[in-house]
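Worksheet for the structure shown next.
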Amino acid sequence: MKVVGVVGSPKSDGNTSYLVERALEYIENEGIDTELITLANKDIKFCQGCDYCKGSGECIIEDDMRELTSIIDGCDGLIMSSPVYFGDMTGLAKTFIDRLRPLRNKHSLKYTVCGAISTGGFRNGGQESTIASIHDFFMIQGGIIVGDDKPTAHYGGAGVGDTQTDDVGIDTSINLARRMVDVLRRIND
């Protein structure tokens with residue numbers, strides 16, 4: 001099994017990345033392969049809505065999304081993350097999601113265990129609405145959406161400020177990872 005963590009932040013090594021790395025570390029320690037994708041330095045152009053992918057199964061645009069789409073296509077678990085920008089995910093994260101349209105046509109994420117992590121400048125600064133938007137993407141793609149596990153048991157990982165000192169953000173991200181491992185094992189055993 002393999003879980004891919006996607007950091008939808010324009011910062012390659014920031015607060016969002018830290019929480020995704022903690023979640024992937026937990027999953028790796030449970031014996032599941034992981035891969036971290038940071039979108040900050042990737043060449044990802046906007047979806048043109050040309051529908052080429054509907055017939056061909058791949059995007060007509062030649063950029064880094066070809067490789068990224070193939071990585072996502074083969075994963076068993078997916079963590080999508082984004083910091084909050086005006087109450088929702090970053091434009092970079094949204095563009096990445098839009099460009100995964102070729103996967104929808106073949107329902108590639110149908111049995112993929114999916115979880116979300118978000119960070120913000122304040123404790124109730126839009127993390128839940130950002131996670132809800134990411135959950136919408138998972139649902140449209142047919143993924144199996146999980147939140148963070150007990151004892152927190154909410155939408156997913158939600159951090160604030162400097163996440164390296166945010167115990168709640170770290171706990172919810174690790175609890176999300178724990179829940180993903182639980183569901184992955186139940187599906188794949």
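Computed from a predicted model, the values in this text were never measured in an experiment. In this chain, residues are counted from 1 in sequence order.
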- prompt: Going by the salt bridge (charged side-chain N to carboxylate O under 4.0 Å, His left out) test, which pairs reach into residues 112-134, not counting sequence neighbours?
  reply: Arg123-Asp166
field: Pairs flagged by salt bridge (charged side-chain N to carboxylate O under 4.0 Å, His left out) wherever residues 66-81 is involved - sequence neighbours left out
entry: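 Sorted pair list: Asp73-Lys106.
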Closest heavy-atom contact between [X] and [Y]?
| X | Y | result |
| --- | --- | --- |
| Val181 | Tyr26 | CG2-CE2, 4.2 Å |
| Ala177 | Ala23 | CB-O, 3.4 Å |
| Val160 | Phe122 | CG2-C, 3.1 Å |
| Pro102 | Cys59 | CG-N, 3.8 Å |
| Gly126 | Ser129 | O-OG, 3.0 Å |
| Gly125 | Val84 | O-CG1, 3.2 Å |

So how far is it from [X] [atom1] to [Y] [atom2], rounded to the nearest 0.5 Å?
| X | Y | atom1 | atom2 | value |
| --- | --- | --- | --- | --- |
| Ile117 | Leu19 | CD1 | CG | 6.0 Å |
| Ile174 | Leu24 | CD1 | CG | 11.5 Å |
| Arg104 | Lys110 | CZ | NZ | 13.0 Å |
| Ser9 | Tyr85 | OG | OH | 5.0 Å |
| Glu28 | Thr34 | CD | OG1 | 4.0 Å |
| Thr95 | Asp63 | OG1 | CG | 10.5 Å |

Answer yes or no: is there a side-chain heavy-atom contact under 4.5 Å between [X] and [Y]?
| X | Y | value |
| --- | --- | --- |
| Ile32 | Met180 | no |
| Glu58 | Thr69 | no |
| Asn175 | Pro151 | yes |

- request: Before giving the answer on side-chain contact (heavy atoms from CB on, under 4.5 Å), spell out for Gln48 and Ile61 the whole-Å C-alpha distance, their side-chain angles and the decisive distance to 0.1 Å.
  value: CA-CA 9 Å; Gln48 300 170 0; Ile61 300 170; 3.8 Å; yes
So does [Y] get a backbone contact from the side chain of [X], meaning a donor-acceptor N/O pair under 3.5 Å?
| X | Y | value |
| --- | --- | --- |
| Asp64 | Lys42 | no |
| Ser118 | Ala158 | no |
| Asp149 | Leu176 | no |

task: List, by chain and then residue number, the residues other than Ile145 in its hydrophobic cluster (Ile/Leu/Val/Met/Phe/Trp/Tyr, side-chain heavy atoms under 4.5 Å); write none if there are no others.
output: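 Same cluster as Ile145: Val4, Val6, Ile37, Leu39, Ile44, Met65, Leu68, Ile71, Ile72, Leu78, Met80, Met89, Leu92, Phe96, Ile97, Leu100, Leu103, Leu109, Ile134, Phe137, Phe138, Met139.
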message: According to side-chain contact (heavy atoms from CB on, under 4.5 Å), who are the partners of Arg101, at least two apart in sequence or on a separate chain?
response: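 Applying side-chain contact (heavy atoms from CB on, under 4.5 Å) to Arg101 gives Asp51, Cys53, Lys54.
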- prompt: Of all residues at least two apart in sequence or in a different chain, which pass the side-chain contact (heavy atoms from CB on, under 4.5 Å) check with Asp167?
  reply: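 Not a single residue meets the side-chain contact (heavy atoms from CB on, under 4.5 Å) criterion with Asp167.
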Cationic N near anionic O, under 4.0 Å, Arg186 to Asp182: yes
- request: Look at Asp88 together with Lys94 and state whether they make a salt bridge at an N to O cut-off of under 4.0 Å.
  value: no
Got a list of side-chain donor-acceptor pairs under 3.5 Å for residues 10-18, not counting sequence neighbours?
{"residue": "Asn15", "atom": "OD1", "partner": "Thr163", "partner atom": "N", "Å": "3.2"}
{"residue": "Asn15", "atom": "ND2", "partner": "Gly161", "partner atom": "O", "Å": "3.0"}
{"residue": "Thr16", "atom": "OG1", "partner": "Thr119", "partner atom": "OG1", "Å": "2.6"}
{"residue": "Ser17", "atom": "OG", "partner": "Glu21", "partner atom": "OE2", "Å": "2.9"}

- prompt: Are more than 12 heavy atoms from other residues, nucleotides or ligands located less than 6.0 Å from atom CZ of Arg178?
  reply: yes
query: Would the number of heavy atoms belonging to other residues, nucleotides or ligands and lying under 6.0 Å from CG of Asp43 be above 12?
result: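 It does: Asp43 CG has more than 12 such atoms within range.
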- request: Would you kindly confirm whether Ile170 and Val3 end up in one hydrophobic cluster when ILVMFWY residues are joined by side chain heavy atoms under 4.5 Å apart?
  value: yes
